[in-house]
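Here's the structure, in C-alpha cells; my notes come after.
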Amino acid sequence: MLLKDKVAVITGAASGIGKEIALEYAKAGAKVVIADLVLEAGTLTANEIREVGGTAMAVAMDVTNEAQVDKAIADAVAAYGGIDILISNAGIQIISAVVDLTFDNWKKMLAIHLDGAFLTTRACMREMIKSGKGGSVIYMGSVHSHEGSPLKAPYVAAKHGLVGLAKVVAKEGAKNNIRANVICPGFVRTPLVDKQIPEQSKALGISEDDVIKKVMLKDTVDGEFTTTHDVAETAIFLAAFPSNALTGQSIVVSHGWYMQ
C-alpha cells in the first residue's frame with residue numbers, strides 16, 4: 001500500500017496506459033480520479049476500481065479546456081480533500097510527414113499533449129501548495145522525448161516539451177515539496193499503437209510485421225514491447241519516492257531502445 005490514501009488524478013485513464021496506472025494505483029491504496037474525454041462502455045469506470053476494493057471517482061475532462069480542467073480538479077478536491085499526485089497521460093497520435101501535415105493537426109497534437117499538461121499541472125499544483133503537503137507530478141513522455149522518428153513531428157516536439165516542463169515544475173515546486181518527473185516508455189501495445197501499425201505500414205510501404213520488427217522494436221535489446229504494467233510500476237515508484245532527490249528526471253522504460 002505504497003500510495004495509501006493518496007489522491008491521484010490520472011488523465012487519459014479510461015483505457016491503455018492510463019487505465020493500467022489507475023488500477024495499479026488503486027491496488028496500492030490511492031484514491032483515484034479517472035479523468036478522460038469520453039467515459040463510455042469498454043473503458044475504465046470508477047465501478048471497476050471499486051470492484052477490486054479501491055476508491056475512485058470519474059470526471060469528464062477535455063484537457064485542452066481550461067474551465068473543464070479547473071472544475072474537474074475542484075470536484076476531486078471537494079470529494080477527497082486534496083490532490084497528491086497528477087499523472088498527465090492524455091494523448092493522441094497523428095502519423096504524417098511534415099510536408100503533408102496540416103497546421104490544424106499540428107496544433108491539435110500540441111494542445112492535447114502540452115496545453116493539457118500545463119492546465120492540469122497548474123490546477124493540481126495550486127491545490128498541492130494550498131494543502132501544504134506537497135505532491136508528485138508525473139508526465140507521460142516517450143522515448144520520443146529523447147529521439148526523433150519519421151512521420152511524428154508534432155508528437156516528438158510535444159514529448160520533448162514535456163521534459164522541459166517537468167524541469168521547470170521541479171525547480172518551481174521544490175520549495176513546496178512538489179516533485180516532477182517524466183516516464184518515457186518505448187512502444188506499448190495499446191489501442192493507440194495498434195492504430196499506428198497499419199498507418200505506418202501504408203506510409204512506409206512495408207508490411208505490418210515489418211513495422212513492428214523493423215521500426216517499432218528494432219532498437220530494443222530483446223524485440224519486446226514495453227507493457228502497460230511496466231509503466232504503471234514505474235509510476236508507483238515515482239509517486240511513492242520520499243524526497244526531492246528524484247525530481248526533474250526522465251525515466252526511460254523501453255527495453256533498452258534509448259539508453260541515457
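In this text the structure is predicted, and so the values were computed from the model without any measurement. Side chains are part of it too, since the values below use all heavy atoms of this structure and drop only hydrogens, waters and symmetry mates. For reference, positions follow the sequence shown, starting with 1.
Cation-pi geometry between K27 and Y25 is not satisfied (NZ or CZ under 6.0 Å from the ring centre, within 45° of the ring normal).
Side-chain atoms of H255 come within 3.5 Å of backbone atoms of F225 as a donor-acceptor pair (strictly under, hydrogens ignored). For D36 (side chain) and A13 (main-chain N/O), a donor-acceptor pair under 3.5 Å exists by modelled atom type. In this structure, Q249 contributes its side chain and T247 its backbone to a donor-acceptor pair below 3.5 Å. One N or O on the side chain of R50 and one on the backbone of A56 form a donor-acceptor pair closer than 3.5 Å. When atom types are taken as modelled, the side chain of T226 and the backbone of V188 share no donor-acceptor pair closer than 3.5 angstrom. Under the 3.5 Å distance criterion, the side-chain polar atoms of R179 are matched with a main-chain donor or acceptor of F241. N176 places no side-chain N or O within 3.5 Å of a backbone atom of I129 that could act as its donor or acceptor partner. Not one N or O on the side chain of S142 forms a donor-acceptor pair closer than 3.5 Å with the backbone of C184. With hydrogens and angles disregarded, a donor-acceptor distance shorter than 3.5 Å links the side chain of T120 to the backbone of A117. Using a distance-only test at 3.5 Å, with no hydrogens or angles considered, no donor-acceptor pair links the side chain of H229 to the main chain of I21.
Between P185 and M140 there is a side-chain heavy-atom pair separated by less than 4.5 Å. You'll find the side chain of F187 stays beyond 4.5 Å of the side chain of I212, heavy atoms only. Counting only heavy atoms from C-beta outward, the side chains of L151 and L204 approach each other to under 4.5 Å. Between I49 and T55, every side-chain heavy-atom pair lies at or beyond the 4.5 Å cut-off. Proximity of I178 to V137: side-chain heavy atoms (C-beta onward) are separated by under 4.5 Å at one or more points. Contact of the E127 side chain with the I73 side chain is registered, since non-hydrogen atoms from C-beta on lie closer than 4.5 Å. In this structure the side chain of Y80 reaches within 4.5 angstrom of the side chain of M57, judged on heavy atoms. In this structure, I34 and V59 have side chains that are not in contact, with every pair of non-hydrogen atoms separated by 4.5 Å or more.
Counting all heavy atoms, side chain and backbone alike, A158 lies closest to L110 at CB-CD1, 4.5 Å. Nearest heavy-atom pair across A60 and Q68 is O-OE1, 3.6 Å. Nearest heavy atoms, V32 versus A26: CG2-N, 3.9 Å. Smallest separation of non-hydrogen atoms from I10 and A22: CD1-CA, 3.5 Å. Here the closest heavy-atom approach between residue I236 and residue A28 is recorded as CD1-CB, 4.4 Å. The minimum heavy-atom distance between S254 and T220, with the atom names listed, is O-CG2, 3.7 Å.
The line from CD of Q200 to CE of M216 is 5.0 Å long, rounded to the nearest 0.5 Å. How far CD of E199 is from NZ of K195: 3.5 Å, rounded to the nearest 0.5 Å. Atom CD1 of I112 and atom CD of Q93 lie 11.0 Å apart (nearest 0.5 Å). Atom NZ of K167 and atom CD of E172 lie 15.0 Å apart (nearest 0.5 Å). To the nearest 0.5 angstrom, T64 atom OG1 is 8.0 Å from L37 atom CG. Atom CZ of residue F118 and atom CG of residue L162 lie 13.5 Å apart, to the nearest 0.5 angstrom.
At a threshold of 4.0 Å, the pair K71-D75 counts as salt-bridged, since one of the basic side-chain nitrogens sits closer than that to a carboxylate oxygen. Ion pair E66/R122 flagged as a salt bridge, since at least one NZ, NE, NH1 or NH2 atom sits closer than 4.0 Å to an Asp/Glu carboxylate oxygen.
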Could you walk me through whether I17 and T190 pass the side-chain contact (heavy atoms from CB on, under 4.5 Å) check?
CA-CA 7 Å; I17 291 172; T190 63; 4.1 Å; yes

Starting from the C-alpha separation in whole Å, work towards a yes-or-no answer on side-chain contact (heavy atoms from CB on, under 4.5 Å) for I183 and V253.
CA-CA 7 Å; I183 301 175; V253 188; 4.2 Å; yes

For side-chain contact (heavy atoms from CB on, under 4.5 Å), just list the numbers for T11 and M61, CA-CA rounded to whole Å, side-chain angles, deciding distance to a tenth of an Å, and then say yes or no.
CA-CA 8 Å; T11 69; M61 181 194 289; 4.1 Å; yes

Would you sort out whether H144 and S149 count as a side-chain hydrogen bond (donor to acceptor under 3.5 Å, both in side chains), showing the intermediate values?
CA-CA 7 Å; H144 288 108; S149 288; 2.6 Å; yes

Verdict with supporting geometry, L217 and E224, side-chain contact (heavy atoms from CB on, under 4.5 Å)
CA-CA 7 Å; L217 304 180; E224 296 288 338; 5.9 Å; no

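In terms of hydrophobic clustering, with Ile, Leu, Val, Met, Phe, Trp and Tyr side chains grouped at heavy-atom distances under 4.5 Å, M128 and L119 are assigned to a common cluster. Hydrophobic clustering places I85 together with F237 (ILVMFWY residues linked when any side-chain heavy atoms are closer than 4.5 Å, directly or through intermediates). Tracing side-chain contacts under 4.5 Å through hydrophobic residues (I, L, V, M, F, W, Y), one never reaches I92 starting from V98; they form parts of separate clusters. Under a hydrophobic-cluster definition in which Ile, Leu, Val, Met, Phe, Trp and Tyr are linked whenever side-chain heavy atoms come within less than 4.5 Å, directly or via other members, I206 and I95 are assigned to the same cluster. Linking ILVMFWY residues whenever their side-chain heavy atoms come closer than 4.5 Å, directly or via other members, leaves V143 and Y155 in distinct clusters.
Residues T227 and D230 have side chains that bring a donor and an acceptor to within less than 3.5 angstrom of each other. Defined by atom type and a distance below 3.5 Å, a donor-acceptor pair is missing between the side-chain atoms of Y139 and S145. Q260 and S250 are linked by a side-chain donor-acceptor pair at a separation below 3.5 angstrom, with hydrogens and angles left out of the test. T102 and D104 share no donor-acceptor pair across their side chains, judged by distance under 3.5 Å alone.
Other residues, nucleotides and ligands place more than 12 heavy atoms under 6.0 Å from the NZ atom of K159.
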